[in-house]
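Here is how names work: the chains are called A, B, and so on, in the same order as the sequence lines, proteins then strands, and each is numbered from 1.
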Number of protein chains: 2
Amino acid sequence: MAGSKKLQDIKVAVDAVVFGYFDKKELQVLLIQRNIEPFKGGWALPGGLVLDDENLDDAVKRELCEEAGIKPDFLEQLYTFGNVGRDPRNRVVSVTYLGLVNPSYHELAADSDADDAQWFGINSLPELAFDHQTIIDTALKRLRTKIQYQPVGFNLLNGEFAFSELENLYKTIVGQEIDRRNFRKKIMSYGLLNETDNFKKEGSGRPGKMFTFNQEKYKELEEQGFYFELK
Amino acid sequence: MAGSKKLQDIKVAVDAVVFGYFDKKELQVLLIQRNIEPFKGGWALPGGLVLDDENLDDAVKRELCEEAGIKPDFLEQLYTFGNVGRDPRNRVVSVTYLGLVNPSYHELAADSDADDAQWFGINSLPELAFDHQTIIDTALKRLRTKIQYQPVGFNLLNGEFAFSELENLYKTIVGQEIDRRNFRKKIMSYGLLNETDNFKKEGSGRPGKMFTFNQEKYKELEEQGFYFELK
DNA sequence: GCAAAAGTGTTAAACCTACACCCATGG
DNA sequence: CCATGGGTGTAGGTTTAACACTTTTGC
């Protein structure tokens with residue numbers, strides 16, 4: 001760390017790309033309508049400046065809570081965007097996060113000042129402020145990769161889910177057909193799903209068994225060098 | 001981006017973990033001896049504050065050039081460390097990078113103000129300033145993972161290398177024995193190595209053919225959805 | 001001719017892929 | 001009884017893993 005230059009004038013922000021997966025259609029992204037300039041009235045990722053005495057992780061969590069009443073089930077650092085000129089006002093370096101929430105957040109809470117927060121389908125996003133479209137692209141790419149070697153998909157489902165929901169989720173995220181039988185065999189072979197006594201009731205057709213993901217067992221296996229992997 | 005709070009007082013720095021691989025032993029990390037407080041006289045990663053009108057990537061490149069006369073063959077963002085208290089003076093958020101250099105950097109340039117830059121074996125690091133040990137740990141972990149699904153190892157070798165050098169590199173980084181025959185078959189099967197007419201002269205035993213890595217072909221294949229992978 | 005590293009094939013096991021029919025439910 | 005989605009097995013091909021001897025060179 002050198003630095004003998006005048007006074008650095010750079011702001012540090014955090015922004016989050018939070019994905020949700022509701023009603024078996026496309027992935028959704030959480031956006032906030034801006035009520036200040038620049039891009040006033042436009043849509044942007046939730047986020048904001050980091051407080052002086054606040055860790056980065058805490059800052060994102062705070063912003064998500066304040067702006068949308070959301071506590072993601074999964075949240076990890078994505079990438080730091082800091083090019084000159086990405087914010088027209090002054091230099092802002094933004095540490096971005098990738099978040100995943102379960103379907104209980106479909107209806108955004110009426111508590112909090114969340115009235116300008118909204119879910120948008122990944123394929124029908126509005127024009128976005130700053131370089132936020134790039135950030136979303138980066139997040140999507142990461143999610144697509146990550147879901148193939150870490151069991152993060154479960155964070156987008158309810159605690160209890162039918163197998164077909166998992167199937168649809170993977171089809172949606174990876175964006176291609178999967179072989180139902182092979183997929184089930186593979187997932188089941190890891191022994192990470194616990195069968196419950198419940199059955200999926202909504203929808204037509206034969207009701208499917210509900211499963212839960214065994215997080216503890218996964219952690220255990222992981223420590224022994226096990227790698228979740230789909231191909 | 002909310003922010004109506006007083007004035008944010010956070011500095012933005014970049015730091016780099018640059019790895020080198022020389023004389024077939026352990027991986028080496030580039031460290032700089034600090035000549036200012038805090039940790040004056042101690043060892044730290046190369047890096048420093050970002051200039052107001054400078055992109056993050058440019059900032060790391062500049063610092064590496066200034067502090068050690070090095071231009072890495074491979075350089076990518078690693079992680080952003082920004083916890084309160086990681087710098088005893090004031091709040092510093094550090095965007096860290098992972099860099100790889102080829103063996104021509106073994107002797108650090110006499111140009112530049114590089115006299116306090118030095119290579120340290122990954123297993124014999126001195127006490128490090130700030131949270132730099134954590135950063136190195138993160139970088140090592142990333143390198144170990146990355147080398148298994150992206151051909152980054154070649155950036156640690158000379159343009160022309162013997163197969164055994166590649167072998168040793170993988171053994172060193174992954175930290176376990178590999179089957180020479182299977183490894184060679186696998187690598188060769190990708191058709192990404194060009195045979196040269198040269199032979200390795202140093203060392204005893206039968207001289208090995210020298211190869212070069214075909215970067216162009218790799219880029220091409222990559223665009224067609226090809227994934228380099230070792231297992 | 002000895003020590004040191006380079007070069008090379010085969011076989012069994014594991015894993016992946018492709019593929020189609022019957023089952024349980026609600027209407 | 002029909003429509004809808006749930007649940008299941010097998011065979012062929014590909015990939016991985018394990019394993020040891022011959023070749024070339026310098027000394």
Is a side-chain N or O of B/Glu229 found less than 3.5 angstrom from the main chain of B/Tyr149, in a donor-acceptor match? no
Mapping B/Lys231 and B/Pro207 onto DNA chain D by nearest heavy atom, which one lands closer to the 5' end? B/Lys231
Strictly below 4.0 Å: does B/Ser164 bring a side-chain N or O up to OP1 or OP2 of C/dA6? yes
Can you tell me how far the CG atom of B/Leu78 sits from the CZ atom of B/Arg142, to the nearest 0.5 Å? 5.0 Å
Tell me: NZ of A/Lys200 to C1' of C/dG26, nearest whole Å? 14 Å
Given A/Asp57 and A/Tyr97, is the side chain to side chain donor-acceptor pair (under 3.5 Å) satisfied, shown in steps? CA-CA 9 Å; A/Asp57 294 12; A/Tyr97 283 76; 2.7 Å; yes
Separation of atom CZ in B/Phe199 from atom C1' in D/dT23, rounded to whole Å: 12 Å
To the nearest angstrom, how far is B/Glu195 atom CD from C/dT8 atom C1'? 14 Å
N/O donor-acceptor pair, side chain B/Arg181 with base D/dA20, under 3.5 angstrom: yes
If you only use heavy atoms from C-beta on, which nucleotide in D/dG5, C/dA4, D/dA17 is closest to the side chain of B/Ser204? C/dA4
Over how many whole Å does the gap from A/Asn182 atom CG to D/dT14 atom P extend? 16 Å
What is the distance, to the nearest angstrom, from the NZ atom on B/Lys201 to the P atom on C/dA6? 15 Å
Classify the nucleic acid contact of B/Lys185 as base, sugar-phosphate or nothing, counting any heavy atom under 4.0 Å across all strands shown. base
Where each residue is assigned the nucleotide of DNA chain C containing its nearest heavy atom, which of A/Gly203 and A/Arg180 is assigned the position nearer the 5′ end? A/Arg180
Within the pair A/Arg184 and D/dG7, is there a side-chain N or O less than 4.0 Å away from OP1 or OP2? yes
Candidate list A/Tyr21, A/Phe161, A/Phe211, test ring-ring contact (aromatic ring centres under 6.0 Å, His included), partner A/Phe154, passing option: A/Phe161
In whole angstroms, how far is the C1' atom of D/dC19 from the CD atom of B/Glu177? 15 Å
With a cut-off of less than 4.0 Å, is there a side-chain N or O of B/Lys186 near OP1 or OP2 of D/dT16? yes
Determine, using ring centers only, whether B/Trp119 and B/Tyr105 are less than 6.0 Å apart. no
Of A/Asp179 and B/Arg206, whose closest DNA chain D nucleotide lies nearer the 5' terminus? A/Asp179
C/dC15 C1' sits how many Å from A/Met188 CE, rounded? 19 Å
Take atom CD of A/Glu202 and atom C1' of C/dG27, then tell me their distance rounded to the nearest Å. 17 Å
